[in-house]
Amino acid sequence: MPEPSSAPVHVTVTGAAGQVAYATLFRIAAGEMLGPDTPVVLRLLEVEPAMDALEGVAMELQDGAFPLLADVVTTSSAETAFEGTSWALLLGASPRTAGMERGDLLTANAGLFAPQGRAIAAGAAADVRVLVVGNPCNTNCLIAASHAPDVPRDRWFAMTRLDENRAKAQLAHRAGVSVAQVTNTAIWGNHSATQYPDAAHALIGGRPAPEVIADDAWLDGEFVSVVQQRGAAIVAARGKSSAGSAASGVIDSVRSIAEGTPEGDWTSLGVISGGEYGVPEGLVFSYPVESDGRGWKVAEGLKHDAAAQRRLDATIEELVKEREGVADLLK
Ligand code: NAX
């Protein structure tokens, strides 16, 4: 195989000894995320107690003998981790422990995402883009971005692509078609049980999903709740949260941002709202996003009926409350 010719792209992964990282790192090293011609340097951040485990991951990455993997940096310093990075994948987060209220979880994570935001602002590459996966990912993204005011607002993303992929898979299964036939599936709002998986605008083989599936009760009921509750269902079945499918969500998100979305289609991403669709400005809200690889915009002109608007209002309300809960921690 010829030597990759271009300069390596630095990719930071936090929570790098965690299970989502374990399912993601080898795919990045294999070129699935940035393509077969782009060498990468992986910059892996963990907390001090997880450094031994992280060394094991680094050894395995070495043993993969990936031609595109130019170097692996392991560190417990955010400054080192984000130095020169073009893609910051924030997978690490404080887990919710027994008896912890959602507010406590938000505060615990603020203590982690504020310094990471500052380190990104201080040391990342000029083209840095940040994808927050660690939960609660929308509000964690908001916190990190608020501590990095000089990093343009359109570089911050929270991951809802896994939810979109789940929704597509449900629609494909129900319609008895390949998932490749399902497009224009949007996740609106928070990556939580209030999210609105939108089948109304989805297309199956180019036709409206409600027309193809012809079962509004299923679309308004089971479809929405299965997607909203899928994370919990995986935990119940597997005893661990979704890691393999989350890794696919990470790879798909980055590729959609970097390579662009197909003509007429979009990807779901939490972005810093500019007020589109009546969402309060500044919330990190998941929208259908169209990318051309250089920039992106929220898909325009989608209409919501009253029931859909109620779902949107519920997820907006939850995100507003989350933002209020961390107001003291925002810059
Ligand atoms: P794990 O608990 O396996 O891994 C998390 C890792 O983060 C741990 O190794 C921990 O040491 C590390 N960490 C904690 N604080 C850190 C810090 N300050 N700096 C660097 N590393 C730190 O969790 P895993 O299953 O990998 O999930 C990672 C996160 O993704 C969780 O917050 C989870 O809730 C979230 N998820 C979000 C998804 C999404 O669609 N947005 C789906 C997958 C996943 O559940």
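Quick caveat: nothing in here was measured; it's all calculated off a predicted structure. Ligands are counted one by one from 1 in listed order, and the atoms in each one are counted from 1 as well.
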*Asks:* Present, as a list of atom pairs with distances to 0.1 Å, all nitrogen or oxygen contacts under 3.5 Å between ligand 1 and the protein.
*Replies:*
unit_1, atom_1, unit_2, atom_2, d
ligand 1, 3 (O), Gln19, N, 2.9
ligand 1, 9 (O), Glu46, OE2, 2.5
ligand 1, 11 (O), Glu46, OE1, 2.7
ligand 1, 19 (N), Gln116, NE2, 3.4
ligand 1, 21 (N), Gly15, N, 3.2
ligand 1, 25 (O), Gln19, NE2, 3.2
ligand 1, 25 (O), Ser241, OG, 3.4
ligand 1, 26 (O), Gln19, N, 3.1
ligand 1, 26 (O), Val20, N, 2.8
ligand 1, 32 (O), Asn135, N, 2.9
ligand 1, 34 (O), Asn135, ND2, 2.8
ligand 1, 36 (N), Asn135, ND2, 3.4
ligand 1, 40 (O), His191, NE2, 3.3
ligand 1, 41 (N), Val133, O, 3.4
ligand 1, 41 (N), Met159, O, 3.2
ligand 1, 41 (N), His191, NE2, 3.4

*Asks:* Between Arg166 and Asp163, is there a salt bridge with N-O shorter than 4.0 Å?
*Replies:*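 Salt bridge: yes.
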*Asks:* Is it the case that atom CZ in Arg255 sees more than 12 heavy atoms from other parts of the structure closer than 6.0 Å?
*Replies:*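 Counting other residues, nucleotides and ligands, CZ of Arg255 stays at 12 neighbours or fewer.
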*Asks:* Regarding Glu48 and Ser76, do their side chains bring together a donor and an acceptor under 3.5 Å, going by distance alone?
*Replies:*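 Yes.
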*Asks:* Could you check, using the six-membered ring where one of them is a Trp, whether Tyr277 and Trp188 have ring centers closer than 6.0 angstrom?
*Replies:*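 For Tyr277 and Trp188, the ring centres are under 6.0 Å apart.
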*Asks:* Does CG belonging to Asp305 count more than 12 external heavy atoms closer than 6.0 Å?
*Replies:*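 Result for CG/Asp305: enclosed.
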*Asks:* Yes or no on side chain to side chain contact (heavy atoms under 4.5 Å, CB included) for Lys297 and Val289, after CA distance, side-chain angles and deciding distance?
*Replies:* CA-CA 6 Å; Lys297 67 180 179 64; Val289 164; over 6 Å; no
